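To start, the structure under review is shown below, and the notes come after it.
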Amino acid sequence: MDASSDAGDRPWQSYHTVYTNAKAGMEGVDKEKVQRTVYEMSKGSKFFENEQKKEAFIQKKIENIRSRSTLLTEADISHFQMIADKKVIELEASRVLTRTWLHVDMDAFYAAVETLENPSLKCKPMAVGGLSMISTANYEARKFGVRAAMPGFIAKKLCPDLIFVPTDFKKYTHYSTLTRKVFEKYDPYFMATSLDEAYLDITDVCRDRRVTSEEIAEELRAAVYEETGLTCSAGVGPNRMLAKVCSDINKPNGQFVLQNDRMAVMTFISSLPIRKIGGIGKVTEHMLRDGLGIYTCEEMLQKSAYICALFSSCAADFFLSVGLGLGKTETPELSMRKSISTERTFPAIEDDTLILQKLEEIAENLSNDMNREGLTGRTLTLKVKTASFEVRSRAVTLQRYICSKEDILTHASKLLKSELPLSLRLIGLRMSQFGNEKLGPVDPTQRTLKNFIKSGDASSKAADGDNSIQPTISNNSSLNESKNSGWIYSPDASPCKNGDACDFDLGHLLVDNGRHDFPCHGPCEMNDSCRSSQCKEGAAERNGDNSVPRTQTSMEALEMRDTEASSSLEQLKEGIDSNIEETRVSDDKQQVLSNQDEQSIWINDYKCSVCGFELPPCFIEERQYHSDCHLAERLQESLKQVTPDLLQKHRFTPKGSARKRQKSAPKASSHRTIDLFFMKGKQNISE
DNA sequence: CGAGCTTAGCGTT
DNA sequence: GGATGAACGCTAAGCTCG
């Protein structure tokens with residue numbers, strides 16, 4: 001249906017890409033011509049066809065929004081209006097106008113760096129990237145409609161004289177470091193969001209030096225130029241969302257200040273197109289515009305009832321806060337990496353052997369990256385893009401943490417083989433659900449077995465499912481051969497129906513390797529809200545009560561649970577403690593494991609002194625589990641003597657059930673995979 | 001019913 | 001002449017399992 005209208009006089013008008021919308025430096029560009037060229041160059045390609053499919057799907061979603069909105073009765077609308085009004089009141093109450101944020105954005109950063117190092121590029125249209133993709137274009141090139149994220153061959157068509165310069169991250173990192181040295185002087189806890197962007201809370205520096213935010217912005221930009229020879233733009237506002245919008249207003253080499261005043265904010269936001277807001281991209285813009293007739297931020301509030309009726313609560317909160325000009329004002333806590341991935345695009349290949357060869361390379365890359373950061377993970381996700389640009393992902397969650405190339409490849413191959421035959425143009429692997437990293441960060445909410453017992457958390461309830469680990473080293477064939485079967489604690493026993501009695505959950509423990517800092521080696525390159533632990537503490541202090549880092553709140557929660565412990569559980573804990581002491585004194589062959597003992601348990605750094613099991617030093621995590629399990633065994637012995645009836649509820653189970661789970665889990669998921677494909681196929685046919 | 005898992009998709013640089 | 005990236009974080013929805 002849509003195709004008929006698209007196929008009219010100007011079919012290119014309905015072909016939207018991420019790079020056809022307006023951006024700084026694009027004023028005065030013949031948009032119609034650009035759009036037509038992009039369309040002509042793309043038309044008929046596999047990429048284009050896929051885009052059309054995606055576009056049709058979005059159109060369906062829009063239709064869905066429209067029809068659902070027309071179906072709302074007056075009663076529905078007044079109901080949702082009430083919900084919306086309540087949300088707005090709550091959001092308004094959360095408005096903070098006491099902080100001043102500055103967003104810095106380097107002007108055409110990569111291109112500017114290249115020009116700095118090669119002045120002959122000055123005043124010539126230039127793009128960093130290649131014929132397949134452009135990272136950044138300088139302002140000369142932007143006059144032709146050339147933009148970041150645009151394929152180079154289209155850019156060349158728009159601007160035949162365009163010069164291509166290959167990307168060189170080393171250079172950009174160097175200059176990024178220089179800019180950050182400047183940022184640090186204005187806010188030691190500044191948030192870098194990429195190599196060329198950062199948020200600074202300049203409240204304190206303005207107050208201490210008794211200067212306006214405008215003066216700080218001027219000074220900072222001059223300092224950045226002084227330090228690097230590069231220009232940047234700045235935006236100032238009462239929160240980060242607004243500051244980011246402001247930094248785009250007078251780009252390049254300019255700035256814009258929005259006063260910390262509610263009226264000023266509301267006026268500013270009223271006519272602001274929604275697409276200017278970070279987080280609202282092509283699809284959301286279309287859905288709001290074509291589905292609900294929302295073009296500006298102000299209209300978010302005018303149509304608040306519809307927003308609450310048609311979107312999730314979370315999305316509605318976001319949209320309404322946009323309408324109110326609200327954004328984040330606190331310095332966020334240290335955030336840890338949640339996944340690590342690597343992917344490669346190549347000319348489409350069909351040969352299974354070649355495909356698996358590619359996979360091996362990617363597995364090796366991922367393994368190297370993980371080892372570099374000391375990460376281990378248990379969820380492995382395979383991503384493939386077919387020759388027709390269809391993207392699929394397939395994941396497995398393992399019962400142990402892996403990081404070696406061999407392990408990754410083993411599981412990735414299984415995932416991939418079940419998809420073949422295919423013609424692929426991209427393969428990617430992502431690891432998530434990190435575990436007890438060898439060197440990297442440990443979830444600070446998790447504690448060592450020893451600390452857990454000492455602090456009295458043995459009395460706490462089962463909680464924090466996110467952090468529960470289900471280690472079974474028996475996946476490893478060499479370990480399977482071990483005669484020692486007592487030290488695996490099973491995930492099968494973990495979910496406890498009897499919540500309150502669930503007070504000794506080994507599955508929720510994580511080995512503490514003693515490192516909590518974000519592994520930041522020099523300047524972080526991607527998405528780095530990188531801070532040292534000192535910075536984190538500083539940020540917490542500054543933020544006041546509302547924004548204590550997650551680490552601390554979780555710990556507080558744990559303390560709370562401590563105090564809530566019942567007297568019998570207190571007794572249990574005391575029993576454990578005293579029994580540990582007893583064991584320590586009485587049993588000289590089988591040591592109770594303290595931090596120091598965790599090392600000394602290994603005879604010749606190889607053989608377990610308790611059970612004789614041999615595990616080389618490189619199996620850091622496995623050894624940690626191993627020693628913890630011995631401790632768990634000890635505890636169980638102790639518990640038997642303390643409260644035999646309570647012990648029944650504890651979940652320290654033999655190996656058998658773990659094995660059962662290993663067998664069944666992957667099967668179940670692969671079945672579902674097939675089912676999904678089947679369903680998908682059927683859907684396509686019916687469409 | 002809730003937690004955990006899987007898959008897909010959006011947005012950002 | 002052909003040719004449209006990489007690496008994250010986040011959310012929604014659907015499913016399974018206990």
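In this text the structure is predicted, and so the values were computed from the model without any measurement. Below, chain A is the first sequence line, B the second, and so on; all start at residue 1.
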For the residue pair Asp107(A) and Leu230(A), establish whether any side-chain heavy-atom pair is separated by less than 4.5 Å.
no
Write down the distance between [atom1] ([X]) and [atom2] ([N]), rounded to a whole number of angstrom.
X         : N       : atom1 : atom2 : answer
His286(A) : dG11(B) : NE2   : C1'   : 14 Å
Phe389(A) : dG9(B)  : CZ    : P     : 15 Å
Glu197(A) : dG11(B) : CD    : P     : 17 Å
Tyr110(A) : dG5(C)  : OH    : P     : 16 Å
Ile280(A) : dC10(B) : CD1   : C1'   : 12 Å

Do you know which of Arg240(A), Arg180(A), Lys244(A) makes salt bridge (Lys or Arg N to Asp or Glu O under 4.0 Å) with Glu197(A)?
Lys244(A)
Residues 340-350 of chain A vs side chain to side chain donor-acceptor pair (under 3.5 Å), sequence neighbours excluded, gives Glu343(A)-Lys383(A)
Does a salt bridge link Glu55(A) with Lys53(A), judged by any charged N lying under 4.0 Å from a carboxylate O?
no
Salt bridge or not for Glu63(A) and Lys60(A), using N-O below 4.0 Å?
no
OP1 or OP2 of [N] versus the side-chain N and O atoms of [X]: is any pair under 4.0 Å?
X         : N       : answer
Thr284(A) : dG11(B) : yes
Lys282(A) : dC10(B) : no
Arg275(A) : dG11(B) : no
Ser393(A) : dA8(B)  : yes
Gln433(A) : dC5(B)  : yes
Arg392(A) : dA8(B)  : no
Ser341(A) : dA7(C)  : no
Ser312(A) : dA12(C) : yes
Ser339(A) : dG9(C)  : yes

With heavy atoms under 4.0 Å as the rule, sort [X] into base, sugar-phosphate or nothing.
X         : result
Glu51(A)  : nothing
Ser42(A)  : base
Ile277(A) : sugar-phosphate
Lys54(A)  : nothing
Gly278(A) : sugar-phosphate
Ser45(A)  : base
Lys244(A) : sugar-phosphate
Ala149(A) : base
Arg344(A) : sugar-phosphate
Ile154(A) : base

Heavy-atom nearest nucleotide on DNA chain B taken for Asp105(A) and for Ile58(A); more 5' hit belongs to Ile58(A)
Result for 5'-nearest mapping on DNA chain B, choosing between Arg430(A) and Asp196(A), is Arg430(A)
Choosing from [options], which nucleotide comes nearest the side chain of [X]?
X         : options                  : answer
Thr397(A) : dG5(C), dT6(B), dC10(C)  : dT6(B)
Thr342(A) : dT13(B), dA7(C), dG11(B) : dA7(C)
Glu343(A) : dG9(C), dA3(C), dA6(C)   : dA6(C)
Leu426(A) : dG9(C), dG9(B), dA6(C)   : dA6(C)
Val283(A) : dT11(C), dA6(C), dC10(B) : dC10(B)

Once side-chain contact (heavy atoms from CB on, under 4.5 Å) is applied, do any residues pair with Ser132(A), and if so which ones, sequence neighbours excluded?
none
If you pin Lys383(A) and Phe48(A) to their nearest nucleotides in DNA chain C, which one's is more 5'?
Phe48(A)
Name the residue closer to the 5' end of DNA chain C, choosing between Cys314(A) and Lys385(A) according to the nucleotide with the nearest heavy atom.
Lys385(A)
Consider only side-chain N and O atoms of Glu285(A) and Tyr295(A), and report whether a donor and an acceptor are under 3.5 Å apart.
no
